[in-house]
Amino acid sequence: VRAVLGQGSVQPDKNVYVFAIGSTGALTSAIPTSTPFPPAYVVVSPNDKFVYTFNEDDTDLTNPTFLQPIVGFTFNSSSGALTNATPFPDVLSAIGHIDQSGQVIFAAGQSSVATAAGTIPISILSDGSLTASSSHAGLPSFSFAVTDVP
């Protein structure tokens with residue numbers, strides 16, 4: 001079993017860390033993987049094949065928008081390797097959740113394909129790539145959960 005984390009500090013850390021979880025629950029073997037933006041939030045797909053970081057850089061004076069593109073990785077849950085870092089520039093978000101089916105990410109942010117900022121539904125394709133909807137699923141909020149029950 002492995003845990004995937006982003007790490008914050010005074011200077012933005014542009015790494016995602018994968019830790020092995022030992023039989024006692026202790027975290028060991030931190031494996032850093034470079035990413036183009038400082039991660040603020042991380043989610044793992046229910047099938048353990050993909051990892052997505054939601055990124056924010058509030059210390060970057062050259063980019064005052066703060067929100068950065070979501071980055072997707074292919075995840076090898078046996079070795080802990082994260083590969084194929086792929087930015088998804090259509091949605092800028094610092095937080096999101098994956099539905100139980102692993103087919104949709106709901107990201108709070110702004111999108112180049114939606115008419116207004118909000119909670120944007122993003123389809124996860126079979127190869128882990130993303131495609132955003134042209135609508136949003138409500139007002140943006142950092143306090144939300146995804147469920148399959150109305």
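Here the structure is a predicted model, which means the values were calculated and not measured. The analysis underlying the following values was restricted to heavy atoms, covering all of them including side chains, and did not include hydrogens, waters or symmetry mates.
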(message) Which heavy atom of K14 sits nearest to which heavy atom of P39, and what is that distance?
(response) CA-CD, 4.4 Å
(request) Given side chain to side chain contact (heavy atoms under 4.5 Å, CB included), test L82 with T74 step by step and report yes or no. (result) CA-CA 6 Å; L82 292 172; T74 302; over 6 Å; no
(request) Locate the shortest heavy-atom distance separating P87 from P89; write the atom from each residue and the value. (result) O-CD, 3.4 Å
(message) When you compare the side chain of P46 with that of I98, does any pair of heavy atoms fall below 4.5 Å?
(response) yes
(message) For A108, is there any backbone N or O sitting under 3.5 Å from a side-chain donor or acceptor partner on S93?
(response) yes
(request) Taking the side chain as every heavy atom from C-beta outward, state whether I122 and V91 have any pair of such atoms under 4.5 Å apart. (result) yes
(message) A side-chain contact here means heavy atoms from C-beta on lying under 4.5 Å apart; do T33 and N15 qualify?
(response) no
(request) Rounded to the nearest 0.5 Å, what's the gap from CG on N76 to NZ on K49? Could you check? (result) 11.5 Å
(message) Taking side-chain hydrogen bond (donor to acceptor under 3.5 Å, both in side chains) as the definition, give me every residue that meets it alongside T53, ordered by chain and number, with sequence neighbours left out.
(response) N55
(message) Please find the pair of heavy atoms, one from F106 and one from D99, that lie closest to each other, and give the distance.
(response) CE1-CB, 4.3 Å
(request) May I have the step-by-step check of side chain to side chain contact (heavy atoms under 4.5 Å, CB included) for I105 and F88, ending in yes or no? (result) CA-CA 12 Å; I105 292 175; F88 179 62; over 6 Å; no
(message) For a quick check under 3.5 Å, do N84 and T86 share a side-chain donor-acceptor pair by atom type?
(response) no
(message) Just to verify, which of L130, V71, V42 counts as forming a side chain to side chain contact (heavy atoms under 4.5 Å, CB included) with Y52?
(response) L130
(request) Kindly say whether the aromatic ring centers of Y41 and H97 come within a distance under 6.0 Å. (result) yes
(request) Keeping the roles fixed (side chain from S111, backbone from D90), state whether a donor-acceptor pair exists under 3.5 Å. (result) yes
(request) Go through F37 and I70 one step at a time and tell me if the side chain to side chain contact (heavy atoms under 4.5 Å, CB included) criterion holds. (result) CA-CA 9 Å; F37 308 105; I70 296 167; over 6 Å; no
(message) Are the side chains of Q103 and I124 in contact, using a 4.5 Å heavy-atom criterion?
(response) no
(request) Could you pull out the closest heavy-atom pair between V18 and G80, with the gap in Å? (result) CG2-O, 3.4 Å
(request) Tell me, with the steps shown, if T35 and F73 meet side chain to side chain contact (heavy atoms under 4.5 Å, CB included). (result) CA-CA 9 Å; T35 183; F73 297 86; 3.6 Å; yes
(request) Report the residues that fulfil side-chain contact (heavy atoms from CB on, under 4.5 Å) with S123, sequence neighbours left out, ordered by chain and then residue number. (result) T131
(message) Is the shortest side-chain heavy-atom distance between T83 and F75 below 4.5 Å?
(response) no
